[in-house]
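In what follows, chains are A, B, ... by sequence order, proteins preceding strands, each numbered from 1.
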Amino acid sequence: MTQLARLKAQVTDDLRESLRRTGEAGEVPSVEGPEVVWEYPSEPGFGDLATPVAFALARSARRRPRDIAEMLRRHLDLDPQFVDRVEVGGAGYLNLFLTKAFWQQVIPGILTGGEEYGRSRVGAGKRAQVEFVSANPTGPLHVGHGRGAAVGDAVANLLAAAGFAVEREFYVNDAGTQIEMLARSVLARYRQGFKMNAPLPEQGYHGEYVRDVAAALQAEVGEKFLDLPEQESLPAIGEFATRLMLEEIKGDLERFGIHFDSWVSEKALLSRWGPPDRDRLVAAVRDLFGPNVYEEEGAIWLRTSAFGDDKDRVLIRANGEPTYFISDCVYHREKCERGFDRLINVWGADHHGYIPRVKAALEALGYASEPLHVVLVQMVTVLRGGMPIPMSKRSGEFVTLAEVMDEVGTDAARFIFLTRRSDSPLDFDLEVAKAQSMENPVYYVQYAHARLSSVLREAEKAGVPGPYLEAPLALLDQPEEISLLKHLALYPEMVEAAAVTYEPHRMPAYLQNLAGELHGYYNKYRIIGADRPLSQARLALVSATRTVLANALTLLGVKAPERM
RNA sequence: GCGCCCAUAGCUCAGCUGGAUAGAGCGACGGACUACGAAUCCGUAGGUCAGAGGUUCGAAUCCUCUUGGGCGCGCCA
């Protein structure tokens, strides 16, 4: 628990006590523990902490909020070491002005906490799984996957910082017709490699990478698949191509700085259901869902409408083939069985219509749907100098994640993917992303970190080395210093809020504010000077700021460079 | 037709469980390096929070409608 959290809890208690006393004094009718919410006013005149609790009481007490706030204020008994004074502001706000000593105290917490500063225990003892990317292994990752990867990884990092035991999972859609289509496409290119007339299938994959896979296939098996009947060659080619694509995907992700704890194969999952003959499938499905399964017009349906979905969904088609939905059911059942307290799915926003049916499936399986939360990630439009680059999956023309990493680097890409809320569409301009200028927020933040690293190196040279635990912090009394301290003090709450709402985009916003505070401060004041105690105090502040910058950047998967 | 999401400064976007005078960045204009990193800073300009009702002491935030956008609605994956 941070100093700030402790103070808020303490003042909340005092406030309740004050309420009780005002009630006893007959000044207002006693009210059962009202919600005490705390705000951080941006206006200095409104103090450091403010609560509108008097407004909530005004109605039942039939008194003006200002009067109630005034009574509460008189009955408050707060520690003068931390709370300088309390004022009634506006129409009835209770404004707390904290002492400089209080804010100065955040520094020791940060310096001793180090990498741990900002971690909390809200998720302690709980397990969370974050499933993300989960791209079909039918082609390379594109920018959209990159955004999903950045978001999923950041959400996982945030949950871990909030105390959850986190597992990152990639669900490999290696079963079904899309793999078969990939195999047919590779086979066509493979045959073309032998000067045969073999057109790509109608719905085939047109990307250049298919030729690469075909060439690799030829290098491995030579002419072997030319004579083989397709029933034999296609499964083998499918496996070969899937393996190759997965390797490429893994390589891209590794380069993007993302590591998965588990890779779950849809094919392997389904194969546990035995051979795909209809009777056994139906039996398995009935066994799984019980009475919520019924047969109509030759198909097997799940009664998802009984659990909040618009309509029922087909599990097994009339032709005996299982649907994609059945895979989802089986997969999510397995997730539940693994005993996670939270299941986070990061999906493309075009899949939002699937949320009700998957939740319904969980309910039908006898699990609660609440632990499942879907983070939707909207489309990325790639621009170059303001002009959109056309992308089409069908023609195989799309900007790959690898290309983005080549051109703008991983740090800029990851940071930009996280600057907007994930469910709003993102314009990603390559020229802006690689510009090392103020247009590019990632450098603004990284520069702050590099700059402070440099200052700390200078301090060492000047004979004022760290870790500044004994620094006379009372000397930090300039308004910019107090403001910076407040930002640092708020960091743990930021992380916790971003984690529980699954909204990583709050972190870049926080970072830009913090970096802004720092740059302003740096330009106005000299850190290392003739006054040694003052230098030490400022270096303590600088060191603490650097730690928070580094911790926050790490959560986003962005490097915190010592030099740039 | 039904459902979900969105509309905030010229541009790109924040705005936490409703709170005080709605904020950044970019772009524009004007300034600041003989001291720790000018990839920086300081200042100026810029708003009917799409529109109309409603709830509330109080609404960018919640509800309804309208307009204008995005997406989803298959025994496809």
Q: Round to a whole Å and report the spacing from CG of A/Leu490 to C1' of B/G15.
A: 15 Å
Q | P-based separation of B/C5 from B/U17 [nearest Å] | A | 15 Å
Q: Respond yes when some side-chain nitrogen or oxygen of A/His505 is under 4.0 Å from OP1 or OP2 of B/G15, and no when none is.
A: yes
Q.
Please report the distance separating the P of B/U67 from the corresponding atom of B/G43, rounded so that it comes out in whole Å.
A. 45 Å
Q. Given Watson-Crick or G-U pairs with both distances under 3.5 Å, what dot-bracket string fits RNA chain B, with | for other-strand pairs and [ ] for crossing?
A. (((((.(..((((.....[...)))).(((((.......))))).....(((((..]....)))))).)))))....
Q: Tell me whether the OP1 or OP2 atom of B/A35 has a side-chain N or O from A/Tyr525 closer than 4.0 Å.
A: no
Q.
So, OP1 or OP2 of B/A39: does either fall under 4.0 Å of a side-chain N or O from A/Tyr447?
A. yes
**Q.** Out of B/G37, B/C36, B/G72, whichever nucleotide has its closest atom nearest the side chain of A/Arg526
**A.** B/C36
Q: With the side chain of A/His352 defined as its heavy atoms from C-beta on, choose the nearest nucleotide among B/G37, B/G3, B/A14.
A: B/G3
Q: Check every atom of B/C41, B/A20, B/G3 against the side chain of A/Pro41 and return the nucleotide holding the closest atom.
A: B/A20
**Q.** Atom P, compared across B/G15 and B/A24: separation rounded to whole Å
**A.** 15 Å
(Q) I'd like the P distance from B/U61 over to B/G1, given in whole Å. (A) 27 Å
(Q) If you take any heavy atom closer than 4.0 Å to RNA chain B, which residues from residues 491-503 of chain A end up in contact? (A) none
Q. Atom CZ of A/Arg278 to atom P of B/C75: distance rounded to whole Å?
A. 15 Å
Q: Between A/Glu458 and A/Gly89, name the one whose nearest nucleotide on RNA chain B is closer to the 5' end.
A: A/Gly89
Q | Heavy-atom closest contact (A/Val172 atom, A/Pro137 atom, distance) | A | CG1-CG, 3.9 Å
Q | Side chains of A/Pro467 and A/Ser543 in contact at under 4.5 Å (non-hydrogen atoms) | A | no
Q) With sugar-phosphate meaning primed atoms plus P, OP1 and OP2, does A/Glu266 contact a base, only sugar-phosphate, or nothing at under 4.0 Å between heavy atoms? A) nothing
Q: Using atom CZ of A/Phe55 as one end and atom C1' of B/G18 as the other, report the distance to the nearest whole Å.
A: 12 Å
Q: Name the nucleic acid region contacted by A/Glu562, choosing base, sugar-phosphate or nothing; use a 4.0 angstrom heavy-atom cut-off, strictly under.
A: base
Q: Scan A/Ala50 against the nucleic acid and name what it touches under 4.0 Å (heavy atoms): base, sugar-phosphate only, or nothing.
A: base
Q | Rounded distance (Å) that lies between atom C1' of B/G43 and atom CG of A/Asn523 | A | 14 Å
Q) Roughly how far, to the nearest 0.5 Å, is OH of A/Tyr294 from CH2 of A/Trp301? A) 5.5 Å
(Q) Checking contacts here: which listed nucleotide (B/C16, B/G37, B/C41) is nearest the side-chain heavy atoms of A/Tyr444? (A) B/C41
Q: Determine if the base of B/C33 is syn or anti; take syn to mean the glycosidic torsion is within 90° of 0.
A: syn
Q. Does the pair A/Arg384/A/Glu407 count as a salt bridge with the N-to-O cut at 4.0 Å?
A. yes
Q: Hey, can you tell me if A/Tyr510 and A/Tyr491 have their rings parallel, tilted or perpendicular (30° and 60° cut-offs)?
A: tilted
Q.
Under 4.0 Å, heavy atoms only, any strand: does A/Ala448 hit a base, just the sugar-phosphate, or nothing?
A. nothing
**Q.** OP1 or OP2 of B/G3 under 4.0 Å from side-chain N/O of A/Lys311
**A.** no
Q. Between B/G37 atom C1' and A/Ile527 atom CD1, what is the distance in whole Å?
A. 12 Å
Q: Under 4.0 Å between any heavy atoms, over every strand shown, what does A/Arg421 touch: base, sugar-phosphate, or nothing? Just pick one.
A: sugar-phosphate
Q.
Using the P atom as the point on both nucleotides, what is the distance between B/G23 and B/U66, in whole Å?
A. 33 Å
Q) Ring stacking, A/Phe46 with base of B/A20, under 5.5 Å and under 30°? A) yes
Q: Indicate yes or no for a side-chain donor-acceptor contact from A/Gln178 to the backbone of A/Ala175 under 3.5 Å, with no hydrogens or angles considered.
A: yes
Q | N-O pairing of A/Lys8 and A/Glu493 below 4.0 Å | A | yes
Q. Below 4.5 Å, heavy atoms only, C-beta onward: do A/Tyr521 and A/Thr545 meet side chain to side chain?
A. no
Q: With RNA chain B as reference, determine whether A/Asn513 or A/Met379 sits nearer its 5' end, using the nearest nucleotide of each.
A: A/Asn513
Q. Could one point to a donor on the side chain of A/His519 or the base of B/C41 with an acceptor on the other under 3.5 Å away?
A. no
(Q) Students often get this wrong, so: under 4.0 angstrom with heavy atoms, is A/Asn95 touching a base, only sugar-phosphate, or nothing? (A) base
Q) Below 4.0 angstrom from OP1 or OP2 of B/C13, is there any side-chain N or O of A/Arg420? A) yes
Q) Between B/G37 and A/Arg457, is there an OP1 or OP2 to side-chain N/O distance shorter than 4.0 Å? A) no
Q | A/Glu239 with A/Lys267: basic N within carboxylate O range, under 4.0 Å | A | yes
Q) The side chain of A/Ser454 lies closest to which of these nucleotides: B/G15, B/U17, B/C36? A) B/C36
Q: Send over the distance from A/Lys524 NZ to B/C33 P, rounded to a whole Å.
A: 17 Å
Q: Measure the distance from CG on A/Asn319 to C1' on B/C76 and round it to the nearest whole Å.
A: 12 Å
Q | Whole-angstrom distance between B/G51 and B/C75, as gauged at atom P | A | 42 Å
Q: Return the nearest nucleotide to the side chain of A/Tyr443; candidates are B/C36, B/U40, B/A39.
A: B/A39
Q. Side chains of A/Met564 and A/His449: does their closest heavy-atom pair fall under 4.5 Å?
A. no
**Q.** Aromatic plane relationship, A/Phe428 with A/Phe417 - under 30° parallel, 30 to 60° tilted, over 60° perpendicular
**A.** tilted
Q. Are A/Glu321 and A/Arg278 within salt-bridge range, i.e. N to O under 4.0 Å?
A. no
Q. If you check the A/Asp350 side chain, which of B/C36, B/G72, B/A39 turns out closest?
A. B/G72
Q: Would you please confirm or rule out a distance under 4.0 Å between OP1 or OP2 of B/C36 and any side-chain N or O of A/Arg538?
A: no
Q) Does A/Phe97 have A/Arg85 sitting over its ring (NZ/CZ under 6.0 Å from centre, angle to axis within 45°)? A) yes
Q) Between the main-chain N or O of A/Leu98 and the side-chain N or O of A/Asp48, is there a donor-acceptor pair closer than 3.5 Å? A) yes
Q: Return the value, rounded to whole Å, for the distance between atom CD of A/Glu517 and atom P of B/G23.
A: 15 Å
**Q.** B/A7 and B/A60, which share atom name P, separated by this distance in whole Å
**A.** 14 Å
Q. Roughly how far apart, to the nearest Å, are B/C4 and B/C42 at atom P?
A. 45 Å
Q: Mind checking A/Gln512 for me? I need base, sugar-phosphate or nothing, with any heavy atom below 4.0 Å counting as a touch.
A: nothing
